[in-house]
Student: 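Quick one: structure below, then a few questions.
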There are 2 protein chains.
Amino acid sequence: MGKKITIYDLAKILKVSPGTVSRSLNDHPSISQKTKARVVAKANELGYKTNKFAANLSKQKTNTIGVIVPRLNSNFMSTMLAGIEKVVNEAGYNLIISQSLESMEKEKLNAKTLFNNSVDALLVSLAYDTSSYDHFTPFIHHEIPLLFLDRVHNLPNSATLIIDNKLAGYEATEHLIDQGCKNLLYVGGSQRRNVYSDRFKGFKNALANYNLEFDESNILESDLNPTSIGEAINHIKRSTKQIDGIFVANDTFAAHLIKNLIREGHKIPEDIKIIGFNNDPVSELVTPSLSTIDYSGYEMGILAGQSVISHLNGNINFKSANTITLRHQLIIRESTQKQ
Amino acid sequence: MGKKITIYDLAKILKVSPGTVSRSLNDHPSISQKTKARVVAKANELGYKTNKFAANLSKQKTNTIGVIVPRLNSNFMSTMLAGIEKVVNEAGYNLIISQSLESMEKEKLNAKTLFNNSVDALLVSLAYDTSSYDHFTPFIHHEIPLLFLDRVHNLPNSATLIIDNKLAGYEATEHLIDQGCKNLLYVGGSQRRNVYSDRFKGFKNALANYNLEFDESNILESDLNPTSIGEAINHIKRSTKQIDGIFVANDTFAAHLIKNLIREGHKIPEDIKIIGFNNDPVSELVTPSLSTIDYSGYEMGILAGQSVISHLNGNINFKSANTITLRHQLIIRESTQKQ
DNA sequence: ATGAAAGCGCTAACAT
DNA sequence: ATGTTAGCGCTTTCAT
């Protein structure tokens with residue numbers, strides 16, 4: 001068990017004051033290069049390791065940033081996290097990542113834990129069923145930067161980072177229409193989440209623009225869990241108008257839908273064309289491969305990180321509730337091929 | 001900005017000593033129920049929040065556990081993390097999760113960061129190309145519990161949590177043989193990683209047991225990255241004996257392989273049968289659906305958490321280098337269907 | 001059962 | 001350029 005060595009040990013050995021040691025280690029300007037070098041050398045030699053708790057206690061700053069995401073296991077989320085991690089690490093921050101597992105209760109718990117851990121900032125992508133936002137008010141009250149990513153909610157003094165889901169939804173739908181679809185279905189998650197309600201708005205706008213009628217049978221709200229695929233199939237079967245195009249706001253669910261529709265004897269894309277959302281790796285793997293909307297989680301992560309860091313550095317702040325919008329892109333594959 | 005209230009504030013208000021407040025808050029036995037109740041009530045009323053840094057500094061314990069995984073975006077990893085998180089949270093610990101992105105350099109950095117953050121324990125699933133293990137020795141020297149998960153390495157005073165990859169590999173291969181395959185190919189990742197070398201050993205044993213000859217053309221070492229699928233296809237094409245069964249040690253790569261083999265005109269499972277590993281959700285989605293070996297990341301996470309916690313509580317320890325082995329299960333789907 | 005006080009290791013304001 | 005020292009908020013030993 002290597003005994004831990006402190007700045008006092010260093011000070012004693014080098015015959016300087018603890019203050020000088022501390023300043024040297026932190027590259028303080030008013031220390032001579034010579035002593036700085038001596039201190040650093042000795043510190044390395046002895047395997048000195050700064051005690052973050054003492055430092056944090058003294059500085060009242062933790063240098064950690066909290067993140068709450070619905071789940072870790074999507075390509076989008078994990079690349080986003082990689083992006084965030086890269087930026088904040090380079091800026092000397094650590095990340096505490098937690099998953100809400102799509103549950104508001106868990107999200108509340110996570111928020112509380114992160115608050116108790118005194119994170120310097122919080123990044124959140126909301127859970128499926130989050131309907132109240134009180135668990136974020138402590139952060140706002142304590143002026144801890146709060147940034148929502150992708151699945152956002154407009155809270156005062158917080159920032160949001162999104163794509164133009166409405167436009168993307170419009171484009172996906174327009175693509176189906178271009179390919180000859182007349183009776184469209186939108187399958188999305190909770191309308192409470194902007195990502196789903198906005199994509200739906202885009203869907204509806206596209207229908208209106210192309211003079212296609214819309215009624216309640218053209219939308220299905222689902223939890224997008226693979227176990228709920230039966231509901232979707234039933235909805236499609238029961239529909240009076242023969243559905244020939246489906247916009248699913250989530251690639252994984254879209255992939256399951258394809259698989260199951262084929263099993264039911266439908267031809268994709270001949271009978272029904274399908275477009276997903278996210279450009280998840282699975283969209284390339286299903287047969288037929290899935291058309292989708294692509295947007296970069298990594299880029300979103302990088303931007304989120306940068307945004308938060310510059311806020312923490314006092315360069316900008318979220319007072320003037322700001323929103324960053326990233327670009328997206330339609331990717332055409334087999335599942336929407338015209339005959 | 002809500003001012004932070006400390007035990008001193010509480011002490012002054014309640015006219016007791018800070019020590020009493022501290023003990024009350026920590027449910028120390030030698031404090032009367034009455035004062036305990038008073039203190040706790042006041043603390044809640046005033047929204048007291050313990051300063052972890054002061055506590056940690058004083059206790060020399062951080063109550064955080066570090067985790068390094070190769071990537072976050074696999075179903076296996078994220079469910080494993082969910083399992084770990086559940087257990088350690090219940091025990092009052094926090095998790096710092098980091099991803100090595102399959103790079104040893106990043107893994108080293110992560111280890112260093114976590115060490116500097118004074119995690120109380122470290123859980124690791126090794127990166128693809130990790131070949132030296134010196135970055136873990138600081139943990140061992142400082143007697144910080146070190147537990148390897150799934151992708152393990154035998155280091156003194158550390159524990160490992162695995163499945164019987166050799167047996168699982170044997171069973172997967174045996175299944176292919178049962179289904180009539182004669183010329184088998186094993187596609188795995190770096191032999192440096194136990195998960196791949198052990199599965200390969202099982203493969204080889206099965207061949208030997210069934211008197212099927214083995215030479216170097218029966219094994220392909222790949223980075224299992226979808227972009228490397230071309231190599232695999234070439235290997236299969238160039239093989240002198242016509243390959244009729246493939247055991248791929250990774251579902252995602254297996255799925256890509258299926259897709260590409262079909263594109264090349266092969267019939268799956270008629271011409272070539274394929275079995276994967278992990279029971280990733282994609283194995284159900286690909287056409288034909290993929291036979292595979294299932295094992296529970298969640299369970300592995302739970303066990304890892306419990307193991308580390310009980311170590312931390314001094315109940316057991318890793319001195320007697322222990323290994324926990326979980327069960328696994330063969331899942332038969334379309335990709336290995338006999339004609 | 002409670003109080004007093006000495007740390008834990010570092011930072012930063014204030015000397016010099 | 002360097003030293004001194006008072007915190008940061010909590011835990012815990014030693015008294016009482």
Side-chain angles (χ1 to χ4, degrees), chain A residues 1-40 42-43 46-64 92 94 115-120 142, chain B residues 1-40 42-43 46-64 92 94 115-120 142:
Chain A
M1 178 82 193
K3 56 177 49 163
K4 41 214 69 168
I5 118 144
T6 74
I7 52 170
Y8 292 104
D9 301 324
L10 251 24
K12 190 169 288 178
I13 296 173
L14 296 166
K15 303 200 187 311
V16 294
S17 75
T20 301
V21 174
S22 172
R23 281 183 275 248
S24 298
L25 260 14
N26 290 304
D27 204 24
H28 188 103
S30 72
I31 295 284
S32 75
Q33 290 306 321
K34 206 183 341 182
T35 50
K36 229 177 243 180
R38 278 181 64 222
V39 173
V40 171
K42 205 57 167 181
L46 268 44
Y48 167 80
K49 177 186 141 195
T50 126
N51 181 319
K52 297 223 174 189
F53 304 100
N56 290 339
L57 177 59
S58 174
K59 279 190 304 192
Q60 304 288 14
K61 195 167 171 297
T62 69
N63 264 59
T64 71
N94 275 124
F115 185 72
N116 287 335
N117 275 280
S118 305
V119 292
D120 289 334
H142 288 254
Chain B
M1 176 86 194
K3 57 178 49 165
K4 41 213 68 167
I5 117 142
T6 73
I7 53 169
Y8 292 102
D9 301 325
L10 251 23
K12 191 169 291 179
I13 295 173
L14 296 167
K15 301 201 190 309
V16 293
S17 76
T20 301
V21 174
S22 172
R23 283 185 272 248
S24 298
L25 260 15
N26 290 305
D27 204 23
H28 186 103
S30 72
I31 295 284
S32 74
Q33 291 304 322
K34 205 183 344 179
T35 49
K36 232 178 241 181
R38 280 181 63 223
V39 172
V40 171
K42 205 54 163 181
L46 267 44
Y48 167 80
K49 178 186 139 195
T50 125
N51 181 320
K52 297 221 174 188
F53 304 100
N56 290 338
L57 178 58
S58 174
K59 278 190 304 192
Q60 304 288 14
K61 194 166 171 300
T62 71
N63 265 59
T64 71
N94 274 122
F115 184 73
N116 287 334
N117 275 280
S118 305
V119 291
D120 289 333
H142 288 254

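Because only heavy atoms are used, hydrogens play no part in the values below, and waters and symmetry mates are left out as well, while side chains stay in. Labels below follow one simple rule: chain letters A, B, ... track the order of the sequence lines, proteins then strands, and each chain is numbered from 1.
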Student: So what does B:Tyr8 touch, heavy atoms closer than 4.0 Å: a base, only the sugar-phosphate, or nothing?
Tutor: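 The residue B:Tyr8 makes base contact.
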
Student: For B:Leu57 and D:dC8, what is the distance between atoms CG and C1' respectively, to the nearest whole Å?
Tutor: 9 Å

Student: Once you round it to whole Å, what is the distance between P of C:dT11 and CG of A:Leu10?
Tutor: 12 Å

Student: I want to verify a distance call: between C:dG3, D:dC8, D:dC10, whose nearest atom is closest to the A:Gln60 side chain?
Tutor: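 Between C:dG3, D:dC8, D:dC10, the one nearest the side chain of A:Gln60 would be D:dC8.
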
Student: Can you figure out which of D:dT11, C:dG3, D:dG9 approaches the side chain of B:Lys59 most closely?
Tutor: D:dT11

Student: Side-chain N or O of A:Ser32 versus OP1/OP2 of D:dT2: is the shortest distance under 4.0 Å?
Tutor: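 Answer yes for this pair, as a side-chain N or O of A:Ser32 is under 4.0 Å from OP1 or OP2.
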
Student: Which one, C:dC10, C:dG3, C:dT2, comes nearest to the side chain of A:Ala54?
Tutor: C:dC10

Student: Would you indicate which nucleotide in D:dT12, C:dA12, D:dC10 comes nearest to any side-chain atom of B:Arg23?
Tutor: D:dT12

Student: Which is true for B:Ser22 with a 4.0 Å heavy-atom rule: it touches a base, it touches only sugar-phosphate, or it touches nothing?
Tutor: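 If one applies the 4.0 Å heavy-atom cut-off, B:Ser22 turns out to touch a base.
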
Student: Is any side-chain N or O of B:Thr20 closer than 4.0 Å to OP1 or OP2 of C:dG3?
Tutor: yes

Student: Nearest to the B:Ser17 side chain among C:dG3, D:dG9, D:dG3, which nucleotide is it?
Tutor: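 Nearest nucleotide to the side chain: C:dG3.
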
Student: Let me check the geometry of the helix from C:dA1-D:dT16 to C:dT16-D:dA1. What is the bend angle between the axes at its two ends, five pairs each, to 10°?
Tutor: 30°

Student: Using a 4.0 Å heavy-atom cut-off, does B:Val16 contact any base of the nucleic acid, only the sugar-phosphate backbone, or nothing at all?
Tutor: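 Contact class for B:Val16: sugar-phosphate only.
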
Student: Hey, is the side chain of A:Thr50 poking within less than 4.0 Å of OP1 or OP2 on C:dG9, counting only N and O atoms?
Tutor: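 Checking C:dG9 against A:Thr50, no side-chain N or O comes under 4.0 Å of OP1 or OP2.
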
Student: Quick one: label A:Ser30 by what it contacts on the DNA or RNA (base, sugar-phosphate, nothing), any heavy atom closer than 4.0 Å.
Tutor: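 Base, at least one base heavy atom under 4.0 Å.
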
Student: Can you find a pair of side-chain heavy atoms, one from A:Thr62 and one from A:Asn117, that are under 4.5 Å apart?
Tutor: no

Student: Whole angstroms only, please: what is the NE2-C1' distance between B:His28 and C:dG3?
Tutor: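 Distance, rounded to whole Å: 13 Å.
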
Student: Can you measure A:Asn63 atom CG to C:dT11 atom P for me and round it to whole angstrom units?
Tutor: 11 Å

Student: Looking for any heavy atom pair under 4.0 Å, which part of the strands does A:Thr6 touch: base, sugar-phosphate only, or nothing?
Tutor: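 Result for A:Thr6 = sugar-phosphate.
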
Student: How many whole angstroms separate atom NZ of A:Lys49 from atom P of C:dC10?
Tutor: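 Answer to the nearest Å: 11 Å.
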
Student: Grab the CG-P distance between B:Asn26 and D:dT13 for me, whole Å please.
Tutor: 13 Å

Student: For atom NZ of A:Lys61, decide whether the heavy atoms of other residues, nucleotides or ligands shown that lie under 6.0 angstrom number more than 12.
Tutor: yes

Student: The side chain of A:Ala55 lies closest to which of these nucleotides: D:dG9, C:dT11, D:dT11?
Tutor: C:dT11

Student: What's B:Asn56 touching, base or sugar-phosphate or nothing? Going by heavy atoms closer than 4.0 Å.
Tutor: nothing

